[in-house]
Amino acid sequence: MDRYNQHGIEKKWREIWEKEKLYHTAKDPKKKYYCLDMFPYPSGDGLHVGHWRGYVLSDMWARYQKMNGYDVLHPIGFDAFGLPAENAAIKRKSHPRKFTAQAIPRMREQLKQIGTMYDWEREVVTSEPSYYKWTQKIFLELFKQGLAYRKNALVNWCPTDQTVLANEQVVEGKCERCGAVIEKQEREQWFFKITNYTEELLADLEKLNWPERVKTLQRNWIGKSEGALLSFAVEGSSEKIDVFTTRPDTLFGCTYLVLAPEHPAAEKITSTEHKKEFEAYRKTTNALSEVERIAEKREKTGVHTGAFALHPATKEKLPIFVADYVVMGYGTGAIMAVPAHDQRDFAFAKQYNIPLKTTIKPDDGRDDSKIRALEECFTGKGILYNSGDFTGLTSDQAIEKIGKKYGAPSIRYKLRDWLISRQRYWGAPIPIVYCDKCGIQAVSEKDLPVLLPEDSDFKPTGESPLARHPTFTNTICPNCDGSARRETDTMDTFVDSSWYFLRYTDPHNTKEAFSQKELNKWLPVDMYVGGIEHAILHLLYARFVTKALADAKLVGFREPFTRLYNIGIVHLDGAKMSKSRGNVVNPDELVAHFGSDTLRGYELFLGPADRDVEWNPRAVAGIHRFLERVWEISGNVRDRTDSLERTKELIFEITREIEALRPNTALARLMAISHDYVQTPPSKEEFAFYLQLMAPFFPHLAEDLWHTLGKKDSIFSSAWPQGEEHLGKRVTIVVQVNGKLRATVDVPRDVAREDLQQSARTAVEHHIQGKSLKKVIVVDGRLVNFVVQ
RNA sequence: GGGCGAGUGGCGGAACGGUAGACGCGCCGGCCUUAGGAGCCGGUGGGAGAAAUCCUGUAGAGGUUCAAAUCCUCUCUCGCCCACCA
């Protein structure tokens, strides 16, 4: 037999599969399965072995589902708009479209190299007018529903990328992408009203088969807190100050109030003699970057406004301060400060010598004298004292009662509306026209797409590049036919990716974004595979858009992704593999050396698929040796079948491991039995089963050997075999004495208990001798444990 | 400060509460080869022993159980996420 010529085999089968349209998606699925990958953005550097991991896992899964009789939709596309392409184009003095047109074919080849069963006829590219026409349509749909709106807002400005960013794209006050310190700017921007769906986005997480970790991240991001809104009158003023608190039980410990510097009431209540100081403080705060403002261990600063609030219960005069440790973006931008029971307030009070008042005792008997001694504060719940009518209540009782008596129950969320305007070129133009007479007007659907001009200067300057393009900007009002200006911002690329999975069902539709008919055949997505980095942004936005489209009666479901799987990150030298770090391993070279099947196998063998792993360049050879061995075995198969026992058991185990998404252990079993096959060559029948088990992992090799067995159809058209557990007629029983392993005995599986106990006892007699037998534990098919004294 | 994970050989990692270390890498020994290797065979947690076998071992300390890497309590270490969020 010839040597294993993996390259020849792989090339041959890819051509045949393509020619015979093996992966062509069924027109009318009887049993549908939608297996989705998070689509990549076209990159000049192509894929590295870290990218491979997710694609290989989903492909293994898709092939397994296909063999289980499902009609599988397994599509791919490119998230082609956005900063990566634009920045790459600037760097190469090219144009984003040109850059994209070069990068996509190369990545397509790389993806094909993996040997995936994608249906390439359904490929979508978000930067194509035939795609973004519908992104614009979806924008208009949200606009029609009042879910897209324009407002003047303090926004996150990235000075390097020269664009506004969504809150979600700002990490520790820095740009998620380039790391530049974010500035706050006041700008008129487009937002999507994701906050209309806050409660539903939170509640529906319960229904999803997603990793708990991702659900928790989304819950935290939505950030629901329940508390009370308490109102404080300002002495000698008609102003009222509302504060939000989750701990109304500490109301009687409140000794001052704090407003955020940007709070609208701050200016009004500040007394004349404090005006100067206040203005100066506000100016300094404004000048601080977000990073500086939230820097750890920064001393608390603030100024007195000269005004006083009245305690709603005791009518005590409480000084009102302005301090930047209170932020305008959360709650009401004002707090009741309780220095005895809140760390931040405590730090501030210490700094400015404000007295504290303890009102809660820990109910665990701890001494709270320290609190009084100004050494620390008590932030837990306990028993109230010094709290008027509420003295003696527990915190939990008081939270409800005080909240009701002096205010109203209130729920606050951290989730903000989604800012979608970008002052960049490479994105879908926002289909809006401004008319002096008619105001904000939606572009008529017949005029979609609003084409992105190809000849625009796209260098970022802070203003939208499209604003410098007169033939784009000047247009006609769809309402009055008078002259008007186009919106010149483009949409955040997360808008493109918030609906792409719908387009795959009907990618060539020129009449609609997707037809209900095609959509209903496939959605929702049964399995979505991708990295944890999209746990918040992409997944939350896609869920929101789905819900908005459901309310527009355009889709018939409210959650897009029934099941989510997070592929672990591949590290090299302890750090996440990335081109910018320079620690990438190029799959092309490995494929050239070992073939795709070897690399596929190794990607899945690295470790548990959902855990981060360190790439070990040398270990790839182990998989290659294994495939060589399987090739050798195929030359030695016997005609006669003695018994299918070991094979049936193997089928059972591999099926179980695949179902549990444990490809690493499935592969370990496949390898282990290959050693048996070297000793005892398998029969044709056995080996055919074995190849079916190999097929989801090693499609090329499995298909090739399948045909050398004389099979006519593709192995992927064959039905996944049925396994059985516990077929072996003999079984190894563990014999313990006092829980310690002392021997093993080999007995028939259906051995009588007395006989088993007898042979077990014989095996460990010398450990029992001279001791009294207290008890015998027998676990069928597993062990016998003699308890002696 | 809060939340969520995770600690098992030289390394990646296996183990429905029931033979700890499957499988792979590496290493050691041998084989094939003119030679080389990313080829083949065997061995490989630590300790004692010629061997049978015994002792010991899953971050640490307790506990539950006939039996604990696995369940419970505390401690330590590492990782990730969130965070002046009231």
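Order of the sequence lines fixes the chain letters, A, B, ..., with proteins taken first and strands second; residue numbering starts at 1 for each chain.
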- L217(A) or E614(A): which one's nearest nucleotide on RNA chain B is closer to the 5' end? E614(A)
- Are the side chain of H304(A) and the backbone of I320(A) linked by a donor-acceptor contact shorter than 3.5 Å? yes
- Item | Pairing nucleotide - rU53(B), Watson-Crick or G-U, each distance under 3.5 Å | rA48(B)
- Message: Quick check for you: among rG18(B), rA86(B), rC23(B), whose closest atom lies nearest to any side-chain atom of I777(A)?
- Response: rG18(B)
- Mark yes or no for whether N209(A), through its side chain, and L564(A), through its backbone, hold a donor-acceptor pair below 3.5 Å. no
- Separation of rG79(B) P from N566(A) CG (nearest whole Å): 21 Å
- Around atom NZ of K771(A), are there more than 12 heavy atoms of other residues, nucleotides or ligands at under 6.0 Å? no
- Query: Quick one: is K775(A) getting a side-chain N or O under 4.0 Å of the rU65(B) phosphate, OP1 or OP2?
  - Reply: no
- Taking the chi torsion of rG79(B), is it syn (within 90° of 0) or anti (everything else)? anti
- Message: Whole angstroms only, please: what is the CD-P distance between Q343(A) and rG2(B)?
- Response: 8 Å
- Among the candidates rG24(B), rA20(B), rC16(B), find the nucleotide nearest to the side-chain atoms of R782(A). rC16(B)
- Task: Remember a base hit wins even if backbone is also touched, and classify Q736(A) as base, sugar-phosphate or nothing at under 4.0 Å, heavy atoms.
- Result: base
Check: residues 732-743 of chain A side-chain donor-acceptor pairs under 3.5 Å, at least two apart:
residue	atom	partner	partner atom	Å
N738(A)	OD1	V788(A)	N	2.9
N738(A)	ND2	V788(A)	O	3.4

- Item | Nucleotide rC23(B), atom P - distance to OH of Y602(A) in whole Å | 17 Å
- Query: With under 30° as parallel and over 60° as perpendicular, where do the rings of H311(A) and F232(A) fit, or are they tilted in between?
  - Reply: perpendicular
- Task: Determine: side-chain N/O of R742(A) to OP1/OP2 of rC55(B), distance under 4.0 Å, yes or no.
- Result: yes
Listed pairs, N/O of protein and of nucleotides 25-29 of chain B, under 3.5 Å:
residue	atom	partner	partner atom	Å
rC25(B)	OP1	R625(A)	NE	3.0
rC25(B)	OP1	R625(A)	NH2	2.5
rC25(B)	O2'	N616(A)	ND2	3.4

- Starting at the 5' end of RNA chain B and moving along, which residue's nearest nucleotide shows up first, N738(A) or L606(A)? L606(A)
- Query: Hey, what do you get for CZ (F698(A)) to CG (L599(A)), rounding to the nearest 0.5 Å?
  - Reply: 10.5 Å
- Y602(A) (side chain) donor-acceptor with N616(A) (main chain) under 3.5 angstrom: yes
- Query: Roughly how far apart, to the nearest Å, are rC71(B) and rU8(B) at atom P?
  - Reply: 16 Å
- Return no unless some side-chain N or O of H767(A) is found under 4.0 Å from OP1 or OP2 of rC54(B). yes
- Nearest whole angstrom, please: distance from the C1' of rC84(B) to the NE2 of H263(A). 17 Å
- Message: I'd like to know if K300(A) reaches the base of rC84(B) with its side chain such that a donor and an acceptor end up less than 3.5 angstrom apart.
- Response: yes
- Atom-to-atom span, CE of M671(A) to P of rC23(B) - whole angstrom: 10 Å
- May I ask you to verify if any side-chain N or O of N664(A) is less than 4.0 angstrom from the OP1 or OP2 atom of rG24(B)? no
- Message: Students often get this wrong, so: under 4.0 angstrom with heavy atoms, is F594(A) touching a base, only sugar-phosphate, or nothing?
- Response: base
- Message: For a quick check under 3.5 Å, do D345(A) and Y325(A) share a side-chain donor-acceptor pair by atom type?
- Response: yes
- Give one of base, sugar-phosphate or nothing for V787(A), where a contact means two heavy atoms less than 4.0 Å apart. sugar-phosphate
- Message: Tell me the interatomic distance from I222(A), atom CD1, to rG3(B), atom P, rounded to whole angstroms.
- Response: 19 Å
- Message: Any base atoms under 4.0 Å from L783(A), or only sugar-phosphate, or nothing? Heavy atoms, all strands.
- Response: base
- Message: If I pick the P atom on rU73(B) and the same atom on rU64(B), what distance separates them, to the nearest angstrom?
- Response: 15 Å
- Answer with base, sugar-phosphate or nothing: what part of the nucleic acid does K740(A) contact at a heavy-atom distance below 4.0 Å? sugar-phosphate
- For this output row, return yes or no: ring centroids of Y256(A) and Y352(A) closer than 6.0 angstrom. no
- Distance in angstrom units between K215(A) NZ and rG5(B) P, rounded: 13 Å
- Task: Taking only the side-chain nitrogens and oxygens of H766(A), find out if one of them lies under 4.0 Å from OP1 or OP2 of rA52(B).
- Result: no
- Item | Interatomic distance, K414(A) NZ vs rC81(B) P [rounded to whole Å] | 15 Å
